[in-house]
There are 2 protein chains.
Amino acid sequence: MFMIEADIFRALADPTRRAVFERLASGEMSVSALKARFSVSQPAISQHLAALKAAGLVAERREGRFSYYRVAPEGLAPLVDWIDRYRAFWPERIDRLKDVLKGLEP
Amino acid sequence: MFMIEADIFRALADPTRRAVFERLASGEMSVSALKARFSVSQPAISQHLAALKAAGLVAERREGRFSYYRVAPEGLAPLVDWIDRYRAFWPERIDRLKDVLKGLEP
DNA sequence: ACATTAGATAAGCGGATGCTTATGCGATTC
DNA sequence: GAATCGCATAAGCATCCGCTTATCTAATGT
């Protein structure tokens, strides 16, 4: 199960697709609701969603003829893991992140 | 200087280029030394390095006719920032990372 | 001075990719 | 049950991308 991060990097490399993901972060959304936010066709949206879903970055929920998509944040875990492998290289950076995290439980 | 993460995502999306970056993480390397590790031509390596450099992920040091490349880990900061924007969505995940970080100072 | 070596750049090619329009399919609505 | 709606899929197309070979520059070696 190596190279899972490959699909994630590829999925997030496209600006529109990344924007779709970011949009979903603000809340679950139907395809048509998403389409209204972007200047691409509905099939384009569906294709981006399929790519994000295949990468494990979004999840789908069908309700009648509607499909609601939401971010699957755990799909970003391999990305975090990948970056984590290089944390030894930028100590001051990880310190800043550490501070942020520790702020969650003062 | 918006959309910096765009270049980073794109740079890391290609498997070979990501492998080059990972290889450099093990230490500074000349182009020819890198080339010996991969089954692509020298121009391909140079092109990957140029892309990584443009994304701020590697740095170059010229010495005579040699060019030594090394990872520029601070170049990953925008990526960390980007992911950080979504940490609220996967609390159990951030907890795990938090544990890792706290393990650094037990 | 000439040849060689390290690396970057140019040009071109084939395959991948993101978009479009057209169509198919199931669920609603009338 | 016919029309419509929401969405997915198919097919085609233009562009992008990563690769190659060829060439160029600069530095070193003989």
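Sequence lines set the chain letters: A, B, ... in the order given, protein chains first and strands last, and positions in each chain run from 1. We use all heavy atoms of the structure for the numbers below, so side chains are in, but hydrogens, waters and symmetry mates are not.
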**OP:** Let me know the distance between CG of B/L12 and P of D/dG18, rounded to the nearest Å.
**Re:** 12 Å
Original post:
How close or far is atom C1' of D/dA8 from atom NZ of A/K53, stated in whole angstroms?
Top reply: 11 Å
**OP:** For B/R62 and C/dA6, give me the distance from atom CZ to atom C1', rounded to whole Å.
**Re:** 11 Å
Subject >> Under-4.0 Å side-chain N/O to phosphate OP1/OP2 contact, B/T16 with D/dG18 >> reply: no
Original post:
Okay, side chain of A/R17, backbone of A/A11: is any donor-acceptor separation there less than 3.5 Å?
Top reply: yes
Original post:
Under the side chain to side chain contact (heavy atoms under 4.5 Å, CB included) test, which residues partner A/S32, sequence neighbours left out?
Top reply: A/S30
**OP:** Using a cut-off of strictly less than 4.0 Å between a heavy atom of the residue and any atom of DNA chain D, enumerate the qualifying residues of residues 37-49 of chain A by number.
**Re:** A/Q42, A/P43, A/S46, A/Q47
Original post:
Got a donor-acceptor contact below 3.5 angstrom from the A/R18 side chain to the A/L12 backbone?
Top reply: yes
Original post:
If you look only at pairs with a residue in residues 47-56 of chain B, which of them pass as a salt bridge (charged side-chain N to carboxylate O under 4.0 Å, His left out), with sequence neighbours excluded?
Top reply: B/K53-B/E60
**OP:** Round to a whole Å and report the spacing from CZ of A/F9 to C1' of C/dA16.
**Re:** 20 Å
Original post:
What is the nucleic acid contact for A/E60, judged by heavy atoms within less than 4.0 Å: base, sugar-phosphate only, or nothing?
Top reply: sugar-phosphate
Original post:
Any side-chain N or O of A/Y69 less than 4.0 Å from the OP1 or OP2 oxygen of D/dG6?
Top reply: no
**OP:** Would you jot down, in residue-number order, the residues of residues 28-35 of chain A having a non-hydrogen atom under 4.0 Å from DNA chain C?
**Re:** none
**OP:** Provide the closest heavy-atom pair for A/A13 versus B/A13 in the form atom of the first, atom of the second, distance.
**Re:** CB-CB, 3.9 Å
Original post:
Under the ring pair (Phe, Tyr, Trp, His ring centres under 6.0 Å) rule, what pairs show up with a residue in residues 11-55 of chain A, not counting sequence neighbours?
Top reply: A/F21-B/W82, A/F21-B/Y86
Subject >> For atom CZ of B/R65 and atom C1' of D/dC24, their distance in whole Å >> reply: 16 Å
Original post:
Does the side chain of B/R10 get closer than 4.0 angstrom to OP1 or OP2 of D/dC17 through an N or O atom?
Top reply: yes
Original post:
Can you check side-chain contact (heavy atoms from CB on, under 4.5 Å) on B/L34 and B/R23, steps first, answer last?
Top reply: CA-CA 8 Å; B/L34 261 177; B/R23 197 73 185 112; 4.0 Å; yes
Original post:
Tell me: CZ of A/F66 to C1' of C/dT29, nearest whole Å?
Top reply: 12 Å
Original post:
Quick one: are A/L24 and A/M29 in side-chain contact, heavy atoms under 4.5 Å?
Top reply: yes
**OP:** Identify, with sequence neighbours excluded, every residue that meets salt bridge (charged side-chain N to carboxylate O under 4.0 Å, His left out) alongside B/R61.
**Re:** B/E28, B/E63
Original post:
Over how many whole Å does the gap from B/E63 atom CD to D/dA26 atom C1' extend?
Top reply: 15 Å
**OP:** Provide, to the nearest angstrom, the distance between the CG atom belonging to A/L52 and the P atom belonging to D/dA8.
**Re:** 12 Å
